[in-house]
Amino acid sequence: MNPISKLEDNFSFECIDGLDARRQSLEEAITTLKEYVKIDHSVAVLSDLADNKSYIFTGDFGRFFEMDISGYLTIDSIWEEDIYQRIHPEDLFERHLLELEFFNFLKTVAPEERLSYATKCKIRTLNAKKEYQRILHRSFYLKNSSEGGLWLEVCLYNYLFEKHGAASGIDGKIVNTKTGESFYVDTYINCVNLLTLREKEILMLISKGGISKGIADQLNISINTVNRHRQNILEKLQVNNSIEAVRTAEALNLL
């Protein structure tokens with residue numbers, strides 16, 4: 001049986017109602033993943049999108065990252081930076097685009113069906129010898145929030161056991177783990193309407209070196225409005241700064 005499908009079977013869809021119920025569901029997820037990495041030998045990252053925390057569980061594959069495999073750790077971020085730093089920059093960027101497309105794809109899917117989908121890709125990552133080696137990365141969501149949004153996400157890292165050729169890119173796919181259907185992610189069709197026309201206009205001006213005051217004067221709007229749009233752009237593209245925003249938007253063919 002597909003390990004992901006087996007794991008997801010333990011998390012049938014339910015909305016989380018109330019703090020106690022949410023805490024209980026989180027504790028159940030933590031307990032399950034602690035046991036899961038012992039079976040799958042993977043490194044698993046459980047990200048709580050509501051509290052901006054992640055829980056990192058290390059099976060035997062933790063040795064690849066030179067991690068302590070005796071337990072799990074908690075970080076105050078949904079980004080596992082210590083792992084990201086080992087991923088080839090080009091593959092990390094492509095993986096970000098894949099996850100962004102996945103996130104927006106799931107918005108088009110009924111809440112009770114979202115948990116049946118996962119991503120799968122192959123990424124070049126530094127091993128303990130500081131040599132790039134392709135590994136398998138998978139991600140999926142375990143729980144929806146009480147408001148119907150996405151709540152708990154899992155990222156899995158493990159050895160790539162299948163043979164692979166010289167194919168370029170990360171070979172990113174979105175997979176329905178119940179039906180086996182899958183499709184490659186290369187056109188980012190679910191991100192087409194991610195930014196509004198005004199946000200695209202402002203980001204285009206930013207890409208040409210524009211600053212908030214100049215953009216405000218050119219568009220005849222307030223600086224506060226420009227800054228609010230800039231913040232919305234960063235949040236929608238899930239990036240930290242304007243340079244990353246421009247690069248991501250260009251890769252998604254939004255500009």
Side-chain angles (χ1 to χ4, degrees), residues 45 47-54 56 65 75-107 119-126 132 135 137-139 141 149-150 153-155 157 168-174 184-216 218-219 221 223-255:
V45 181
S47 295
D48 184 338
L49 275 59
D51 286 341
N52 195 38
K53 287 183 180 293
S54 290
I56 302 178
F65 293 118
I75 59 175
D76 292 324
S77 173
I78 60 171
W79 315 113
E80 54 269 30
E81 291 294 345
D82 287 347
I83 295 178
Y84 289 176
Q85 290 175 5
R86 303 179 73 116
I87 301 174
H88 192 288
E90 292 178 3
D91 290 4
L92 182 62
F93 181 64
E94 284 196 48
R95 203 204 81 162
H96 175 70
L97 298 180
L98 171 63
E99 294 297 320
L100 195 60
E101 173 71 2
F102 183 49
F103 183 81
N104 286 283
F105 163 73
L106 292 180
K107 291 180 181 179
T119 70
K120 180 180 179 182
C121 65
K122 307 165 186 176
I123 50 178
R124 292 169 290 176
T125 308
L126 290 173
Y132 278 116
I135 67 172
H137 175 267
R138 295 165 287 169
S139 69
Y141 287 85
L150 294 162
E153 181 185 19
V154 172
C155 286
Y157 300 87
S168 60
I170 64 173
D171 195 28
K173 302 176 184 177
I174 294 177
Y184 285 97
V185 175
D186 50 14
T187 57
Y188 308 110
I189 57 175
N190 291 287
C191 291
V192 169
N193 297 316
L194 188 56
L195 301 180
T196 66
L197 290 176
R198 178 64 89 184
E199 288 166 349
K200 291 179 182 179
E201 189 176 25
I202 289 174
L203 191 55
M204 181 65 74
L205 292 173
I206 291 173
S207 72
K208 296 177 180 178
I211 60 175
S212 292
K213 185 178 186 308
I215 294 173
Q218 185 171 344
L219 299 180
I221 56 179
I223 293 179
N224 287 339
T225 299
V226 173
N227 289 334
R228 186 174 68 251
H229 282 305
R230 292 180 73 133
Q231 185 60 40
N232 289 340
I233 291 168
L234 298 184
E235 290 177 359
K236 289 181 178 180
L237 297 178
Q238 298 180 20
V239 295
N240 296 318
N241 56 60
S242 295
I243 294 175
E244 293 178 358
V246 171
R247 184 188 180 200
T248 300
E250 288 177 342
L252 296 173
N253 298 314
L254 298 179
L255 298 181

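Numbering starts at 1 and runs along the sequence shown.
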(message) Per the side chain to side chain donor-acceptor pair (under 3.5 Å) rule, what does the pair list look like for residues 203-216, sequence neighbours excluded?
(response) Ser212-Asn227, Ser212-Arg230, Lys213-Asp217

(request) Using atom types as modelled and distance alone, determine if a side-chain donor or acceptor of Glu80 lies under 3.5 Å from a backbone N or O of Ile56. (result) no

(request) With rounding to the nearest 0.5 Å, note down the distance linking OG1 in Thr125 to CZ in Arg95. (result) 9.0 Å

(message) So, using side chain to side chain donor-acceptor pair (under 3.5 Å) as the criterion, who are the partners of Arg198 when residues are at least two apart?
(response) Glu201

(request) Evaluate side-chain contact (heavy atoms from CB on, under 4.5 Å) for Glu94 paired with Leu98, printing each intermediate quantity in order. (result) CA-CA 6 Å; Glu94 284 196 48; Leu98 171 63; over 6 Å; no

(message) With a sphere of 6.0 Å drawn around CG of Asn241, does it hold more than 12 non-hydrogen atoms of other residues, nucleotides or ligands?
(response) yes

(message) Do Leu203 and Leu195 make a side-chain contact, defined as non-hydrogen atoms from C-beta onward lying under 4.5 Å apart?
(response) yes

(request) Kindly compute the distance separating CG (Leu126) from CD1 (Ile87), expressed to the nearest 0.5 Å. (result) 9.5 Å

(request) Check side chain to side chain contact (heavy atoms under 4.5 Å, CB included) between Tyr184 and all other residues, then give those that pass, not counting sequence neighbours. (result) Asp171, Lys173

(request) Would you check, one step at a time, whether the test side-chain contact (heavy atoms from CB on, under 4.5 Å) holds for His96 with Tyr84? (result) CA-CA 11 Å; His96 175 70; Tyr84 289 176; over 6 Å; no

(request) Flag the pair Leu106 / Leu150 as yes when at least one side-chain heavy-atom distance between them is below 4.5 Å, and no otherwise. (result) yes

(message) Checking Lys236 now: which residues fulfil side chain to side chain donor-acceptor pair (under 3.5 Å) with it, not counting sequence neighbours?
(response) Glu199

(message) Is any side-chain heavy atom of Leu100 closer than 4.5 Å to one of Cys191?
(response) yes

(message) Can you list everything that forms a side chain to side chain donor-acceptor pair (under 3.5 Å) with Asn224? Sequence neighbours excluded, please.
(response) none

(request) Return the set of residues passing salt bridge (charged side-chain N to carboxylate O under 4.0 Å, His left out) with Asp91 (not counting sequence neighbours), or none when no residue passes. (result) Arg124

(message) Under the rule for side chain to side chain contact (heavy atoms under 4.5 Å, CB included), what residues qualify as partners of Ile78, not counting sequence neighbours?
(response) Ser47, Asn52, Ser54

(request) Verify the distance criterion only: is there a donor paired with an acceptor across the side chains of Arg86 and Tyr132 at less than 3.5 Å? (result) no

(message) Just to verify, what does Leu205 make a side chain to side chain contact (heavy atoms under 4.5 Å, CB included) with, not counting sequence neighbours?
(response) Ile215, Gln218, Leu219

(message) Assess whether a salt bridge exists between Asp76 and Lys53, defined as any Lys/Arg side-chain N lying under 4.0 Å from an Asp/Glu carboxylate O.
(response) yes

(message) How long is the straight-line distance from CD1 of Ile211 back to OG of Ser242, given to the nearest 0.5 Å?
(response) 12.0 Å

N/O donor-acceptor pairs under 3.5 Å from side chains in residues 245-255, not counting sequence neighbours:
from   : atom 1 : to     : atom 2 : distance (Å)
Thr248 : OG1    : Glu244 : O      : 2.9

(request) Go through the structure and list residues passing ring-ring contact (aromatic ring centres under 6.0 Å, His included) with His137, not counting sequence neighbours. (result) Tyr157

(request) Before giving the answer on side-chain contact (heavy atoms from CB on, under 4.5 Å), spell out for Phe65 and Ile135 the whole-Å C-alpha distance, their side-chain angles and the decisive distance to 0.1 Å. (result) CA-CA 11 Å; Phe65 293 118; Ile135 67 172; 4.0 Å; yes

(request) Sequence neighbours left out, what passes side chain to side chain donor-acceptor pair (under 3.5 Å) with Asn232? Give chain and number order. (result) none

(request) Under the ring-ring contact (aromatic ring centres under 6.0 Å, His included) rule, collect the residues that match up with Tyr188, sequence neighbours excluded. (result) none

(message) For the CD1 atom of Ile170 and the OG1 atom of Thr119, what is their distance to the nearest 0.5 Å?
(response) 8.0 Å

(message) Measuring from atom CD of Glu90 to atom CG of Leu92, what distance do you get when rounded to the nearest 0.5 angstrom?
(response) 11.0 Å

(message) Please determine whether side-chain contact (heavy atoms from CB on, under 4.5 Å) holds for the pair Gln238 and Phe103, giving the CA-CA distance in whole Å, both sets of side-chain angles, and the decisive distance to 0.1 Å.
(response) CA-CA 11 Å; Gln238 298 180 20; Phe103 183 81; 3.7 Å; yes

